[in-house]
Amino acid sequence: MKAAGRAVRTRLRDRVAASDPGLLRLTAGLRTVGAIALTLAVLAVAGADVTHLVAGAMTAMVATFAIREKERGPQAVTLALGLPVALASVSLSALLTSRVVIGDVFFVVLIFCAVFVRRFGDRGTALGLIGFQVYFLSLFVGAKVSVLPGLWGAIAVAFVCSAVVRFGVVPATPAGVLQRLRQAFRARLAQLISAQIDLLDAGPQEIDRTLEHLREGTARLHETALMIQSRLEDGTPDESTARLVQRRIADAEIAAERLGLLLLTARSAERADTLTLHLPGAPAPSVGRSPAPGEATETLRRDLGALRTLVLRPPAEARGTALSHLRNRLLGYRDEENLPEATPAVQDVFRGIGETARAVMGLRIALDGPQDESDDTPATTRSREELDAEDAAIDAGEESTPETEPTGLRRPTTRAAVQVAVGSSLAIVGGEFLSTQRWYWAVLTCWIVFINTTSTGEILVKGYRRLLGTVLGAVAGIVLAGLVGNHTWTAFGLVLVLIFAMFYTAPLSYTLMSFFVTAMLGLLYTLLHTYSLSVLLLRIEETALGAACGIVAAALVLPIRTDRRTNELLGTVLERLTDVTEGAVDQLSGGPAADLLDTARELDQALGDLRAATQPLTHPITPLRARRDTAQYVVALLETCAYHARSLAATAELLPTHPSIAADPRLRGAVRRTVRNIEAIAARVADKDAQTEVETGPSIASLLQPDAAGVPRYGRITGRVLRHLERLDEAVVGLARPLDVPVRTPQR
C-alpha cells in the first residue's frame, strides 16, 4: 500500500515538474499571492480602510514580481532600494494631482526614465518598474496629499510583507531552482520516450497525431535544457561542475532526439528527414504496420519501456538487481554482437537505445553522484570508464569576451525609452478625450506593449493579445462583480485567485494573463465602489487606444521593422552555426580542443531569439499565409542545422577520451563547401544585392579519399559524423530557396 502511494506521488510530482519546469510559475504565483494576503492581513488588523487595502495589495504585487535577480543578496538590496523609490513616486503623484499639465509632463519623464534604466540590468529594470507602477497605483486610488501618511504606511507594510514571503515563506535559491529544473528535464525526457513508444505502435491513421506529440516532446525537452544552461552558473558550486552538468544534459538531449529520428526512419519506407521533427504540420512519412516483424518489435517496445524506467527512477530507488539488469541490457546494445536479428534500420534503433542509456547513466552520475557498480557487465564497465575519462577531461574553459554594445539612439533601451515616451504622450492626450479621470489605462497599455518587445511586429501582436484579453476579462469582471456585490473579503479572496492565475499563466499566454488582470480590476473597482458597466467599457476603449498609440510610436519613432530585426537575428544564427560547425570539424580533424559546449549554447540562444522574433510573421491571424509558411520553414531548417551541429560538437568533445573515435584530417576538407554556403547565405541576408550563390555537388562521404587499397577508412562513429555533415549540408542548401539565394550545380 505504501509503495503504491509512493508511486502515485512520484508520478504526480513528475507531471507537475514537466508542466512547470523548476516550479518557476508556481513559485511566482505563490509568492505574489502570499505577499498580498499577508499585507491585507496586517493592514486589516491595523484597521485600514478599503482604499489603503487596495493600495497595499497592489504594491505588494509590484514589489514581488518586479524583482528578477537570482541570488538572494541582490534581491534584498533591490527590494530595499525599491521602497524609497515607491514612496517618492506616490508622493510626487499626490503633489502633482491638481497640476494637470505638470503632472502629465512628469509622468512622461518618469516613463522615459523607467525604460532608460533597463540598461543597468535586472536592478534598473525592477526600480523603473516599481516607480512607474506605484505612480499608476496612486492615480488608480486617487491619492491626495492629505492621505499620503496612510499610503506611505500601506506601501511600507507591503514591501516588508513581500520580503517576509520571498525570503521566509516561499524561498527559492539558485541551487534549489536548478535541482527542480533537473527533475523537470528527467520528466520531460521520460515523456519524450513515451511519445517514441507511441510512434512504435502508431498505425497510418494515428501517425500524424503521434508525430506531433513527438515534435512537442522534443521541443519541450530542448526548452528545459536551455533553462538549465541559463542557471548553471548561479546554481552550481564551481565552473567545472557546471560544465559537467551542461555536458550531460546536452548528451541526453541529443541522444533522445536521435533515437526519435531513428525510430521514425525505421517506421518509414524511406529515410526520414530530420526536418520532419522540426517543422510544425510537416506531413508524416508513410509507415508500415510495424518497424520489424514479431520478436524484434516486442523487444523494442520492452527496451524503450526499460529506458523510460531508467530515466524516471528516483536516486533513492535506483539501486537493485532488477534496475542493474535493465541498465546492463540496454548498454549492451553498444556492442555489435549484442544486436538482435533485424533490418539495418531497426538495428540502428537498438544502437540508439544503447547510446541513450549511456547518456542517461552519465546524467545520473553528474546529478546524483556515484552509482552502484556491483552488478556491472563488461559493457557497462566500459561505458563508465568512458564517462569517467570524459569527466576528467572537462576543464573550466576560457572566459568569453564581452560583446561591444551599441551607444546613443542605437542602444535598445534608449530607443525603447524614446518610443514609449512618445507613445505615452499620445495616450495621455487621447485618453483625456475619452476620460479625464481614467486616462491612465491607455498609458498603462502603451507601457506594457513595449515590455520585452523590439520590433513593430512584436508590439502589434502584443497589443492585439492585450486587447483580446481585456475584452474577455471585462465580460468576466461584469459577472464576478455582480456575484460578489458588497462582500469585501469575498472579493479580495477572488482577487487572490485571479492574481495567482495571472502569474501562473503569464509565461504561457499573454492573452490569458490580460484576461485575469482585467477580471481582477473589475473586482477592485467593486471594492472602491466605482464599478459600473460604463467603467469596464471605458477600460476596453482605453486599452485599444493605448495599444494603438504604442504601435504608432513603434512604427514612426526610430522604428525597427520586423524584417530588419529577423534578418539581424538570422545573420547571428548563421554566424553561430558556422562557429559550431567549423570548431567541431576542426577538432574532429585533429585540431586543438575548443570550447564547443559554450559555442553550441550561443547557437541555441541565437536561434531562440530568432524564433521569438518571427512570432509576428507566424501568428495564426496573419493574412500573409505564404510569408508565415516561409518563416516556419526557415526556422525549422535552422533547428535541423542546429541539431546536426550540436551532434557534431558532442562527438568532437568525446575525441580525447573515447577509444573508438579517432581524428580524421579529411573531414576538414569535406566541410568547406558547407561553410562557404552558410557564409554565402549570411552575405545575402545582410545585403540583398550581394552576388552570392550556394553550391551543390557530390555527397560529403564521396569527398573523403579512400586509402591505398581503395577502401574508405572510417568506422561507425566516423560514419555517424559523415551522416550529420550530409544532413547539415542538405539543410543549408535547402535554406537557399526560401531566402532567394541562387543555387549552382557544378558541371562535371
Side-chain angles (χ1 to χ4, degrees), residues 89 92-93 96-97 99-120 124-125 127-140 405-467 470 510 514 538-565 568 613 616:
S89 183
L92 288 170
S93 175
L96 297 176
T97 187
R99 298 172 175 85
V100 178
V101 176
I102 298 177
D104 290 349
V105 171
F106 176 79
F107 198 14
V108 172
V109 173
L110 174 64
I111 290 170
F112 176 88
C113 294
V115 177
F116 186 81
V117 296
R118 292 180 190 173
R119 68 177 60 196
F120 301 112
T125 301
L127 295 179
L129 188 59
I130 289 171
F132 170 83
Q133 292 286 3
V134 172
Y135 195 97
F136 168 82
L137 160 67
S138 64
L139 296 174
F140 181 76
E405 293 188 0
T407 58
L409 293 178
R410 295 177 56 197
R411 188 191 290 263
T413 51
T414 305
R415 181 175 58 248
V418 173
Q419 289 177 325
V420 74
V422 173
S424 298
S425 300
L426 296 175
I428 290 174
V429 174
E432 290 277 6
F433 281 107
L434 289 177
S435 171
T436 57
Q437 293 182 326
R438 295 187 174 86
W439 51 268
Y440 44 79
W441 288 120
V443 181
L444 179 67
T445 300
C446 181
W447 157 277
I448 287 177
V449 297
F450 275 96
I451 295 178
N452 297 326
T453 54
T454 302
S455 68
T456 306
E458 290 177 278
I459 292 172
L460 176 61
V461 170
K462 193 170 184 179
Y464 153 77
R465 290 172 174 167
R466 176 81 177 180
L467 180 59
T470 299
Y510 187 72
S514 300
L538 178 63
R539 165 104 167 99
I540 295 174
E541 294 172 351
E542 296 280 5
T543 298
L545 174 65
C549 291
I551 294 169
V552 169
L556 300 180
V557 181
L558 305 174
I560 295 291
R561 307 295 182 193
T562 302
D563 287 346
R564 175 185 162 190
R565 172 69 174 164
E568 290 176 351

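Remember, it's a predicted structure, so these values are computed and weren't measured experimentally.
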Rounded distance [0.5 Å steps], [atom1] in [X] versus [atom2] in [Y]:
X	Y	atom1	atom2	result
Y440	S435	OH	OG	7.5 Å
F132	C113	CZ	SG	13.0 Å
E542	L434	CD	CG	4.5 Å

Does any N or O in the side chain of T97 come within less than 3.5 Å of the main-chain N or O of S93, such that one atom is a donor and the other an acceptor?
->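 Between the backbone of S93 and the side chain of T97 there is no qualifying donor-acceptor contact (under 3.5 Å).
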Do V115 and Q419 pass the side chain to side chain contact (heavy atoms under 4.5 Å, CB included) test, and can you show the C-alpha distance, the side-chain angles, and the key distance before you say yes or no?
-> CA-CA 10 Å; V115 177; Q419 289 177 325; over 6 Å; no
Do [X] and [Y] come close enough that some side-chain heavy atom pair is under 4.5 Å?
X	Y	value
I448	Y510	yes
R466	L444	yes
V418	F112	yes

Residue pair W439, F433: steps toward the side chain to side chain contact (heavy atoms under 4.5 Å, CB included) verdict = CA-CA 8 Å; W439 51 268; F433 281 107; over 6 Å; no
What is the ring orientation for F136 with W441, classed by angle as parallel under 30°, tilted 30 to 60°, or perpendicular over 60°?
->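 It falls in the perpendicular class, over 60°.
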Run the side chain to side chain contact (heavy atoms under 4.5 Å, CB included) check on W447 and L129 step by step: do they pass?
-> CA-CA 10 Å; W447 157 277; L129 188 59; 3.6 Å; yes
What closest approach, in Å, do [X] and [Y] show between heavy atoms, and which atom pair accounts for it?
X	Y	result
L545	A442	CD2-CB, 4.1 Å
A427	C446	CB-CB, 4.5 Å
G131	L110	O-CD2, 3.7 Å
I459	A554	CD1-CB, 3.4 Å
L467	I540	CD1-O, 4.0 Å
T543	T445	O-CG2, 3.4 Å

Taking only residues two or more places apart in sequence, or in another chain, which ones meet E541 in a salt bridge (charged side-chain N to carboxylate O under 4.0 Å, His left out)?
->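 Expected list: none.
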Could you go step by step and tell me if V117 and L127 meet the side chain to side chain contact (heavy atoms under 4.5 Å, CB included) rule?
-> CA-CA 8 Å; V117 296; L127 295 179; 5.7 Å; no
Determine, using ring centers only, whether F106 and Y135 are less than 6.0 Å apart.
->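 When the ring centroids of Y135 and F106 are compared, they turn out to be within the sub-6.0 Å range.
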